[in-house]
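Labels below follow one simple rule: chain letters A, B, ... track the order of the sequence lines, proteins then strands, and each chain is numbered from 1. Just the heavy atoms: all of them, side chains too, but no hydrogens, waters or symmetry mates, feed the values below.
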Number of protein chains: 2
Amino acid sequence: MAEVATRETALKEAEAVCTRRGAVLTPLRRQVLELVLRAEAPVGAYALLDQLKAMRPGAAPPTVYRALDFLLEQGLIHKVERLNAYIGCNESGHGHSHDHHHPHQFLICRTCGATMEIADPAVTHAIEAAARRVGFVLAEATVEIEGTCARCAEA
Amino acid sequence: MAEVATRETALKEAEAVCTRRGAVLTPLRRQVLELVLRAEAPVGAYALLDQLKAMRPGAAPPTVYRALDFLLEQGLIHKVERLNAYIGCNESGHGHSHDHHHPHQFLICRTCGATMEIADPAVTHAIEAAARRVGFVLAEATVEIEGTCARCAEA
DNA sequence: GACCGGGTCGGAACATTATATCATCAGGTC
DNA sequence: GACCTGATGATATAATGTTCCGACCCGGTC
């Protein structure tokens, strides 16, 4: 499967990114990251916890949330606010080498749940301009677009 | 205070909007709407519940959530996903007469908590274009911009 | 070696946000 | 009156997220 290869690559790169920054991708954090990457759609913290318990019987909510916080901090995953769920950061294409927080947008399919990350410069620019116009100093923008993905729309 | 007048107007208009649609702005719903409008910043459901209890001793979570669902449905309030909080819909300026769901964006100040609703056509258009480009059928977009508002930035 | 300090993790309890379910009541319709 | 519908009352429970304390490891430093 191609996805497996992609995931392996992503994990290796995550490792590299952390090392470069003096952060440590511990086995626990790596496991959680792998679970997030393995999922087809954004995953909830407690779904991750359930899976994690198979490997680590003692796992509790803080176990997962600490790992997620770390991964969010490092920009390796994102949180989808509308779903209270987490998704692997997809850098493909755009030139951010895992910036801690890079501008991005999500397309969330209501039918199949698949969530796609894009980084549209026009959207980013329009948001920056809108903020500037009212003297607002932008720190981070959440853009979550809900609807029907191409595949589900034609079916 | 000007805000009181504004609020009165908003409540009257809400009443009118509901009637026009055959929906009923019951006393409970009206009270919840008023509490939301009265708040300076987005309010959580349980904060509303606490206030509501003063007027309705029997109020429970479903009491508030049902009212909020109705108000969301009617487009009289919005939910701020990043804060799990609710805010009155501000139509001022743009021409939507309480559409059920009109495109809008939030500017959330991390310092003072104030949250401003805007409706920037460029942002809306860029999002529509981005979705169309990948064959995504847009239903609704959440745009929540966090940062520092003009007032807090200069202070 | 002994000691300290930071970072990580285990584990219990708790806080916050939201929903499910069933009962009740008022108003309209047949 | 019997029946339906929409709104609310009331209890319980689910889902999501945090606080707190203590243990442990590891890299310095004396």
Enquirer: Taking N and O atoms by type only, does the side chain of B:Tyr46 place a donor or acceptor under 3.5 Å from a partner on the base of C:dA18?
Expert: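 Such a pair is found, so the answer is yes.
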Enquirer: So which of residues 57-65 of chain A are in contact with DNA chain C, with a heavy-atom cut-off of under 4.0 Å?
Expert: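 Only A:Gly58, A:Pro62, A:Thr63 qualify.
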Enquirer: Can you identify which nucleotide, out of C:dA18, D:dG17, D:dG9, has its nearest atom closest to the B:Leu28 side chain?
Expert: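 Closest of the options to the side chain of B:Leu28: D:dG9.
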Enquirer: For B:Glu117 and B:Asn90, indicate whether the former's side chain and the latter's backbone hold a donor-acceptor pair under 3.5 Å.
Expert: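 Between the backbone of B:Asn90 and the side chain of B:Glu117 there is a qualifying donor-acceptor contact (under 3.5 Å).
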Enquirer: Nearest 0.5 Å please: distance from the CG atom of B:Leu76 over to the SG atom of B:Cys89.
Expert: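 Going from CG on B:Leu76 over to SG on B:Cys89, the span is 7.5 Å.
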Enquirer: Just verifying a value: how many Å separate B:Leu71 CG and B:Lys79 NZ, rounded to the nearest 0.5 Å?
Expert: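 Between atom CG of B:Leu71 and atom NZ of B:Lys79 there are 14.0 Å.
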Enquirer: Kindly state each residue pair satisfying ring-ring contact (aromatic ring centres under 6.0 Å, His included) with at least one member in residues 49-88 of chain B, sequence neighbours excluded.
Expert: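 Listed once each, the pairs are B:His78-B:His102, B:His78-B:His104, B:His78-B:Phe106.
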Enquirer: To the nearest Å, give me how far apart CG (B:Leu49) and P (D:dT8) are.
Expert: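 Rounding to the nearest Å, CG of B:Leu49 and P of D:dT8 are 15 Å apart.
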Enquirer: So how far is it from A:Thr115 OG1 to A:Ile87 CD1, rounded to the nearest 0.5 Å?
Expert: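 Going from OG1 on A:Thr115 over to CD1 on A:Ile87, the span is 5.0 Å.
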Enquirer: Is a donor on one side and an acceptor on the other found under 3.5 Å between the side chain of A:Glu144 and the backbone of A:Leu107?
Expert: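 Here the side-chain-to-backbone pair does not exist.
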Enquirer: Return whichever of B:Asn84 or B:Val24 has its heavy-atom-nearest nucleotide of DNA chain D closer to the 5' end.
Expert: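 Comparing both residues, the 5'-ward one is B:Val24.
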Enquirer: Would you mind classifying the nucleic acid contact of B:Phe70 as base, sugar-phosphate or nothing, using non-hydrogen atoms under 4.0 angstrom?
Expert: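 Answer is nothing: B:Phe70 stays at 4.0 Å or more from every strand.
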Enquirer: Can you tell me the distance, in whole Å, between the CG atom of A:Asp50 and the C1' atom of D:dA14?
Expert: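 Going from A:Asp50 (CG) to D:dA14 (C1'), I get 13 Å.
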Enquirer: Hey, does the side chain of A:Arg56 come within less than 4.0 Å of C:dC9's phosphate (OP1/OP2), counting only N and O?
Expert: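 Answer no for this pair, as no side-chain N or O of A:Arg56 is under 4.0 Å from OP1 or OP2.
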Enquirer: In whole angstrom, what separates B:Arg82's CZ from D:dG17's C1'?
Expert: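 After rounding, the reported distance stands at 16 Å.
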Enquirer: So does B:Gln74 get a backbone contact from the side chain of B:Arg21, meaning a donor-acceptor N/O pair under 3.5 Å?
Expert: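 Such a contact is found between B:Arg21 side chain and B:Gln74 backbone.
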Enquirer: Test of understanding: clusters of I, L, V, M, F, W, Y form through side-chain heavy atoms closer than 4.5 Å, transitively. Do A:Leu28 and A:Leu25 belong to the same one?
Expert: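 Hydrophobic grouping puts A:Leu28 with A:Leu25.
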Enquirer: Under 3.5 Å, is there a donor-acceptor pair between the side chain of A:Thr26 and the main chain of A:Val24?
Expert: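 No, because the side chain of A:Thr26 does not come within donor-acceptor range (under 3.5 Å) of the backbone of A:Val24.
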Enquirer: B:Thr142: which residues meet the side-chain hydrogen bond (donor to acceptor under 3.5 Å, both in side chains) condition with it, sequence neighbours left out?
Expert: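 In terms of side-chain hydrogen bond (donor to acceptor under 3.5 Å, both in side chains), with neighbours along the sequence ignored, B:Thr142 is linked to A:Arg82.
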Enquirer: Roughly how bent is the helix from C:dG1-D:dC30 to C:dC30-D:dG1 end to end, in steps of 10 degrees, with each end axis from five pairs?
Expert: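 One end's axis against the other's: 0°.
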Enquirer: Any side-chain N or O of A:Lys53 under 4.0 Å from OP1/OP2 of C:dG10?
Expert: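 Looking at the OP1 and OP2 atoms of C:dG10, neither is under 4.0 Å from any side-chain N or O of A:Lys53.
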Enquirer: Give a yes/no answer on whether the side chain of B:Arg29 brings an N or O atom under 4.0 Å of OP1 or OP2 in D:dT8.
Expert: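 It does, given that an N or O in the side chain of B:Arg29 lies less than 4.0 Å from OP1 or OP2 of D:dT8.
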Enquirer: Which whole-number value in Å describes the distance from B:Glu73 CD to D:dG6 C1'?
Expert: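 Taking CD of B:Glu73 and C1' of D:dG6, I get 14 Å after rounding.
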Enquirer: What's the CD-P distance between A:Gln31 and C:dT8, to the nearest Å?
Expert: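 Taking atom P of C:dT8 as the reference, CD of A:Gln31 is at 16 Å.
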Enquirer: Using the 3.5 Å cut-off, write out each protein N or O paired with an N or O of nucleotides 22-27 of chain C and the distance between them.
Expert:
none

Enquirer: From B:Ile127 CD1 over to A:Asp120 CG, what is the distance, rounded to the nearest 0.5 angstrom?
Expert: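 Taking CD1 in B:Ile127 and CG in A:Asp120, the distance rounds to 9.0 Å.
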Enquirer: When the side chains of residues 34-61 of chain B are checked against the rest of the protein, which donor-acceptor pairs come out under 3.5 Å, sequence neighbours left out?
Expert:
{"unit_1": "B:Glu34", "atom_1": "OE2", "unit_2": "B:Arg38", "atom_2": "NH2", "d": "2.8"}
{"unit_1": "B:Arg56", "atom_1": "NE", "unit_2": "B:Gln31", "atom_2": "OE1", "d": "2.9"}

Enquirer: Nearest whole angstrom, please: distance from the P of C:dG10 to the CE of A:Met55.
Expert: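 Spelled out: CE on A:Met55 to P on C:dG10 is 12 Å.
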